[in-house]
Amino acid sequence: MDFPQARQLFYQEINQPDRAIDLAKAALYVALEEYHNFDPLEYLNVLDTIAGEVRSRLPPQNYPLRIVQTINRYLYEDLLFAGNEADYYDPRNSFLNQVIDRRMGIPISLSLVYLEVAKRIDFPMVGIGMPGHFLIRPDFEDAGIFIDAFNKGEILFPEDCQERLAQIYGQPMALEPAFLAPVSSRQLLGRMLGNLKAIYLQQRDAVRVLGAIERILLLFPHSLLEMRDRGILYYQLGRLVEARYDLEIYLRNAPNAEDAAAIRQLLERIDGN
């Protein structure tokens with residue numbers, strides 16, 4: 001594959017069974033495309049060091065709530081990790097090296113730090129892809145608690161999640177079971193890249209939007225919506241042969257999509273060039 005080295009490393013990491021993917025490595029390889037002059041190993045070592053400090057602070061009765069409280073104290077009181085409320089859409093909030101350096105991020109990137117520390121102290125946790133706000137929870141059945149890494153590790157119960165959902169959407173929302181279901185490693189990485197895609201779309205940075213889409217398609221090669229978006233972007237960048245290829249695949253597989261007529265018009269324009 002004709003990819004830059006960081007993209008090749010990302011592809012190699014995700015091209016294995018989901019449970020074998022090292023989330024920290026994959027996220028650092030995402031960052032390596034933007035920040036070329038850092039060594040991912042240094043940041044993996046930082047996570048190891050943080051985990052070692054947490055382990056040394058664990059009480060003798062290290063049942064789940066005590067472990068969570070110990071992680072929270074070290075991450076948020078000692079190291080001063082925090083949610084970046086002032087500049088939520090700063091792309092640096094989505095790059096793991098920057099999150100570790102600045103000790104600041106958004107829900108999903110701070111959750112990733114938390115997950116990686118917990119993994120290193122043999123306290124497995126999983127990501128919870130609640131709409132609008134990423135959470136984590138201990139990885140055992142009927143754990144009953146959720147952790148909000150963006151809000152200093154606040155411990156939530158399902159009722160709190162329901163309330164948080166209503167706050168996010170400004171109206172009462174039914175808390176469907178799917179909202180609190182664990183996400184796979186690929187889904188977590190896809191959501192991080194989706195955040196970057198949205199930020200760069202807002203900034204009208206077509207090259208970086210394309211980079212995010214390309215990596216989402218490495219994770220989910222059959223995502224028609226991402227293929228459509230890549231085709232539109234190729235068209236905007238004047239890469240008409242590639243645009244036609246993606247848009248034709250989209251129409252072939254989604255001929256009755258709401259935007260099918262608009263995509264057909266775009267293909268006609270491409271053929272007219």
Side-chain angles (χ1 to χ4, degrees), residues 1-16 20-55 71 74-76 78-121 125 127 134 136 149-150 185-203 205-219:
M1 289 189 194
D2 189 20
F3 286 154
Q5 186 187 15
R7 186 81 57 88
Q8 290 179 33
L9 290 168
F10 177 75
Y11 179 72
Q12 288 164 12
E13 188 58 44
I14 65 169
N15 191 30
Q16 55 183 330
I21 294 172
D22 186 314
L23 277 173
K25 284 183 181 178
L28 287 166
Y29 298 150
V30 168
L32 201 56
E33 277 200 44
E34 184 68 23
Y35 300 93
H36 311 297
N37 299 317
F38 77 88
D39 181 358
L41 186 58
E42 289 181 13
Y43 288 87
L44 296 173
N45 289 339
V46 170
L47 291 170
D48 290 343
T49 300
I50 292 172
E53 291 293 334
V54 170
R55 180 180 277 109
I71 297 173
Y74 190 62
L75 283 183
Y76 301 108
D78 294 355
L79 296 185
L80 301 179
F81 274 89
N84 189 352
E85 296 183 34
D87 199 358
Y88 192 90
Y89 297 102
D90 184 334
R92 291 178 295 178
N93 294 328
S94 293
F95 292 118
L96 184 56
N97 66 317
Q98 290 291 302
V99 173
I100 291 172
D101 283 345
R102 301 168 71 231
R103 298 184 182 178
M104 187 179 292
I106 53 176
I108 194 167
S109 57
L110 291 170
S111 291
L112 177 53
V113 171
Y114 206 116
L115 287 169
E116 288 297 309
V117 170
K119 179 179 77 173
R120 285 163 169 76
I121 62 168
M125 301 186 79
F134 202 86
I136 50 181
F150 185 74
S185 295
R186 283 184 178 80
Q187 287 170 323
L188 188 151
L189 293 165
R191 188 154 163 169
M192 288 186 77
L193 286 162
N195 288 339
L196 283 170
K197 175 188 171 185
I199 290 166
Y200 292 138
L201 272 170
Q202 185 68 29
Q203 296 177 354
D205 188 336
V207 172
R208 285 184 168 88
V209 174
L210 181 59
I213 292 174
E214 286 172 342
R215 282 170 286 180
I216 293 170
L217 281 166
L218 288 179
L219 290 161

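Because the structure is predicted, anything quoted here is derived from the model rather than measured.
F150 pairs by the ring pair (Phe, Tyr, Trp, His ring centres under 6.0 Å) definition with Y88, not counting sequence neighbours. Remark: Y35 engages F95 in a ring pair (Phe, Tyr, Trp, His ring centres under 6.0 Å) (not counting sequence neighbours). Residues passing the side chain to side chain donor-acceptor pair (under 3.5 Å) test with N195, sequence neighbours excluded: none. Every residue was checked against the side chain to side chain donor-acceptor pair (under 3.5 Å) condition with D39, not counting sequence neighbours, and none meets it. The salt bridge (Lys or Arg N to Asp or Glu O under 4.0 Å) test applied to R55 returns D122, not counting sequence neighbours. Every residue meeting the salt bridge (Lys or Arg N to Asp or Glu O under 4.0 Å) condition with R7, not counting sequence neighbours, appears here in chain and number order: E33, E214. Judged as a side chain to side chain donor-acceptor pair (under 3.5 Å), and not counting sequence neighbours, Q12 has no contacts. Under the side-chain contact (heavy atoms from CB on, under 4.5 Å) criterion, R120 pairs with L44, L47, D48, A51, E116, not counting sequence neighbours. Taking E34 as the reference, R208 meet the salt bridge (Lys or Arg N to Asp or Glu O under 4.0 Å) condition, with sequence neighbours excluded.
Contact between F81 and V99 at its shortest, heavy atoms only, is CE2-O, 3.6 Å. In this structure, G127 and L115 approach most closely via the heavy-atom pair N-CD2, 4.1 Å. A pairwise comparison of heavy atoms in L32 and A6 identifies CB-CB, 3.7 Å as the closest pair.
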### Task
Take Y89 and Q202 through the test side chain to side chain contact (heavy atoms under 4.5 Å, CB included) and record every step on the way to the result.
CA-CA 10 Å; Y89 297 102; Q202 185 68 29; over 6 Å; no
### Query
Going through the checks in order, is the side chain to side chain contact (heavy atoms under 4.5 Å, CB included) test met by D90 and I199?
CA-CA 8 Å; D90 184 334; I199 290 166; over 6 Å; no
### Task
Evaluate side chain to side chain contact (heavy atoms under 4.5 Å, CB included) for Q203 paired with Y200, printing each intermediate quantity in order.
CA-CA 5 Å; Q203 296 177 354; Y200 292 138; 3.5 Å; yes
### Query
How far apart are the C-alpha atoms of L188 and F134, what are their side-chain angles, what is the distance that settles it, and do they pass the side chain to side chain contact (heavy atoms under 4.5 Å, CB included) test?
CA-CA 9 Å; L188 188 151; F134 202 86; 3.6 Å; yes
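Within the structure, every pair that satisfies the side-chain hydrogen bond (donor to acceptor under 3.5 Å, both in side chains) test and touches residues 104-115, not counting sequence neighbours, is listed here: N72-Y114.
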What side-chain donor-acceptor pairs closer than 3.5 Å can you find for residues 100-107, not counting sequence neighbours?
unit_1: D101; atom_1: OD1; unit_2: Y43; atom_2: OH; d: 3.1
unit_1: D101; atom_1: OD2; unit_2: Y43; atom_2: OH; d: 2.7
unit_1: R103; atom_1: NH1; unit_2: L79; atom_2: O; d: 3.2

In a table with atom names and distances, give each donor-acceptor pair under 3.5 Å that connects a side chain of residues 21-30 to protein atoms at least two apart or in another chain.
unit_1: D22; atom_1: OD1; unit_2: A24; atom_2: N; d: 3.1
unit_1: D22; atom_1: OD1; unit_2: K25; atom_2: N; d: 3.1

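Remark: side-chain polar atoms of N93 are paired, donor with acceptor, to backbone N or O of D87 under 3.5 angstrom.
Rounded to the nearest 0.5 Å, atoms CG (L210) and NZ (K197) are 11.0 Å apart. To the nearest 0.5 Å, the span separating CG on L218 from CD on Q8 amounts to 11.0 Å. The distance from the CD1 atom of I14 to the CG atom of L219 is 4.0 Å, given to the nearest 0.5 Å. Taken from CG in N97 to CZ in R92, the straight-line distance is 11.0 Å, to the nearest 0.5 Å. The distance from the CG atom of L110 to the CG atom of L112 is 9.5 Å, given to the nearest 0.5 Å.
Within a 6.0 Å sphere centred on CD of Q5, heavy atoms belonging to other residues, nucleotides or ligands number 12 at most.
Two residues are said to be in side-chain contact when any heavy atoms from C-beta on lie closer than 4.5 Å; L193 and I213 fail this criterion.
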